[in-house]
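Read through the structure below, which is laid out as structure tokens, and then see the notes.
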Amino acid sequence: MESVSRTALVEDLMGRFPHVPREAVIKEDLLRGGMAFDASALSGGADGASGDVKPKSYFIFSFDHRTLPELGAAALNRPPEEIVLTGGPYGLRRTVVSVRVNPDSPYVVRGGEDGTLGLYLDGARIADVGLPPMPEYYRHTLSNGKSVMEVAPTIQWGYLVYLTVFRVCQYFGAKEECQFCDINHNWRQHKAAGRPYTGVKPVEEVLEALEIIDRYDTAGTSRAYTLTGGSITSQVAGRDEADFYGQYAQAIEERFPGRWIGKVVAQALPRDAVQRFHDYGIRIYHPNFEVWDRRLFQLHCPGKERYVGRDEWHRRILDSAEIFGPRHVIPNFVAGIEMAEPFGFTKVSEAIDSTTEGLRFFMSHGVVPRFTTWCPEPTTPLGKANPLGAPLEYHIRLLETYRATLEEFGLNSPPGYGPAGPGRAVFSVSSFMDSLEGLEGLESHEGHEGREGIEEASV
């Protein structure tokens, strides 16, 4: 009966929260609980260069509800990176959803009697499913034989080049690792499976991969790049965190001036280090605060609490806004871990109140956080204890609250995420952009014009 109640729950929330797009309700449920794939819906290969469908790249985390050995066919025959939903009984506008595989999900992607793919819930087809086409640049390899997908995968329907240049995190072990994060396990499982998964990506490889993307992305679909990886508490290759990640930005901006909007996801660093990021050519800075509540931050992010501390982390976020401009500092939080057992809030209203306090704190300074929807990965402490994630109602109420807080402070959608609104958004790991119709900032139409706007705003 659980799957029947899933449909009832979804439709109940659509009715109770009519101002939240229906597309976002379905998308949040898929992100929090995953989707299953019939064999007919898998991409046709594990190497990432053949076939007609763009395969899942595992660009930083696993974002799956099972480990690779437990995924069976979905590990050997990769699922798509993302899917796009349209139509169906809810009349869904075009909705891009990141693929998180869960063989036990009530949502199943499979072919219908006419052969076209659909998303099924309780045996009923609720949407047509489109798969991302294999980009031409994925069919070409670097001179050393590595694939572009391994070095510079793209997500968000090709909008964002995701450069995880350091595949592991120096917050290591139970006393330091963030309790929701599987970056280190994801590294280990890919190495154990014999998949290519470069630990530190040489600058030259990144530049070569970007040259291939630039050459074959003739439509200019890729508009931004994100530099990221694990936190660096000491050094990598003789460089601290700002200089390690900054060297890539410097090389990219020298080789491809203005081609992409440069973003970095890193720790909240001291002002002089943040200034170096800006000097290297980065234009958007993501010093993720993960969770607002003080007690939960200390429990869920023990390494960040030990090395920096919550108050200092927040102070550095506000300091960085003076360098980048408030609009270009966009700290992420992991939506849902507020309710993770055994320490989280037990009532949706309490979790929303806490997160709203954090949104108001940052937005009152012009800083607009964003969020990713928590995927309870099974190798993490929080994922193991909370295989079902947070309640869907929490995620829907968060979308409502997020929009209301933006409006209260007269702010728009953050730059670097593509267009806003249902039917237009491409940000795939949360529905916050789908739910911001009418709150689109000038710079969400990025391209070369948007880049100039960002340059002016952050000087």
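In what follows, residues are counted from 1 in the order of the sequence shown. Computed from a predicted model, the values in this text were never measured in an experiment.
- Shown here are the side-chain hydrogen bond (donor to acceptor under 3.5 Å, both in side chains) partners of T218, two or more places apart in sequence or in another chain: there are none.
- Using a 3.5 Å distance cut-off with no hydrogens or angles, the side chains of Q247 and D243 do not pair a donor with an acceptor.
- Side-chain contact between L207 and I252: present, with at least one pair of heavy atoms (C-beta onward) separated by less than 4.5 Å.
- Using a 4.0 Å cut-off between a side-chain N of Lys or Arg and a carboxylate O of Asp or Glu, R424 and E437 do not qualify as a salt bridge.
- The side-chain hydrogen bond (donor to acceptor under 3.5 Å, both in side chains) search around T95 returns none, not counting sequence neighbours.
- A salt bridge is absent between E82 and K56: the closest approach of a Lys/Arg side-chain nitrogen to an acidic carboxylate oxygen does not fall below 4.0 angstrom.
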- Message: If you apply the rule salt bridge (Lys or Arg N to Asp or Glu O under 4.0 Å), what do you find for E136 with R215, and how did you get there?
- Response: CA-CA 10 Å; E136 180 60 29; R215 185 182 319 142; over 6 Å; no
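- Applying the salt bridge (charged side-chain N to carboxylate O under 4.0 Å, His left out) rule to pairs touching residues 229-240 yields D240-R276, sequence neighbours excluded.
- Contact check on R315 versus E312 returns a salt bridge, with a Lys/Arg side-chain nitrogen under 4.0 Å from an Asp/Glu carboxylate oxygen.
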- Message: Before you tell me yes or no, could you show the steps for K27 and D434 under side chain to side chain contact (heavy atoms under 4.5 Å, CB included), namely the whole-Å CA-CA distance, both residues' side-chain angles and the distance that decides it to 0.1 Å?
- Response: CA-CA 9 Å; K27 180 169 174 174; D434 303 74; 2.8 Å; yes
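- With hydrogens and angles left out, the side-chain atoms of Y394 and E338 include a donor and acceptor closer than 3.5 Å.
- Between R259 and D217 a salt bridge is recorded (basic side-chain N to carboxylate O distance below 4.0 Å).
- Using a 3.5 Å distance cut-off with no hydrogens or angles, the side chains of N412 and E440 do not pair a donor with an acceptor.
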Using atom types as modelled, flag every donor-acceptor pair under 3.5 Å from a side chain in residues 86-93 to any protein atom, sequence neighbours excluded.
| from | atom 1 | to | atom 2 | distance (Å) |
| --- | --- | --- | --- | --- |
| Y90 | OH | E11 | OE2 | 2.7 |
| R93 | NE | E23 | OE2 | 2.8 |
| R93 | NH2 | E23 | OE1 | 3.2 |

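- In this structure, K304 is not positioned above the aromatic face of F297 in the sense of NZ or CZ being under 6.0 Å from the six-membered ring centre and within 45° of the axis.
- Between R32 and E28 there is no salt bridge, since no side-chain N of the basic residue sits under 4.0 Å from a carboxylate O of the acidic one.
- Inspection of the E241 and S231 side chains reveals no N or O donor paired with an N or O acceptor under 3.5 Å.
- Scored by the ring pair (Phe, Tyr, Trp, His ring centres under 6.0 Å) test, Y248 finds F244 as partners (sequence neighbours excluded).
- In this structure, a donor-acceptor pair under 3.5 Å is absent between the side chains of W157 and S428.
- At least one test fails for R370 against the ring of Y417: distance under 6.0 Å to the centre or angle within 45° of the axis.
- Between H278 and F324, the two ring planes are perpendicular [angle over 60°; tilted spans 30° to 60°].
- At a threshold of 4.5 Å between non-hydrogen side-chain atoms, the residues I330 and V368 do not count as touching.
- The cationic group of R310 lies under 6.0 Å from the six-membered ring centre of W292 and within 45° of the ring axis, placing it in a cation-pi geometry.
- Considering only residues two or more places apart in sequence or on other chains, Y137 meets the ring pair (Phe, Tyr, Trp, His ring centres under 6.0 Å) condition with none of them.
- Residues T373 and R100 bring no donor and acceptor atom of their side chains to less than 3.5 Å of each other.
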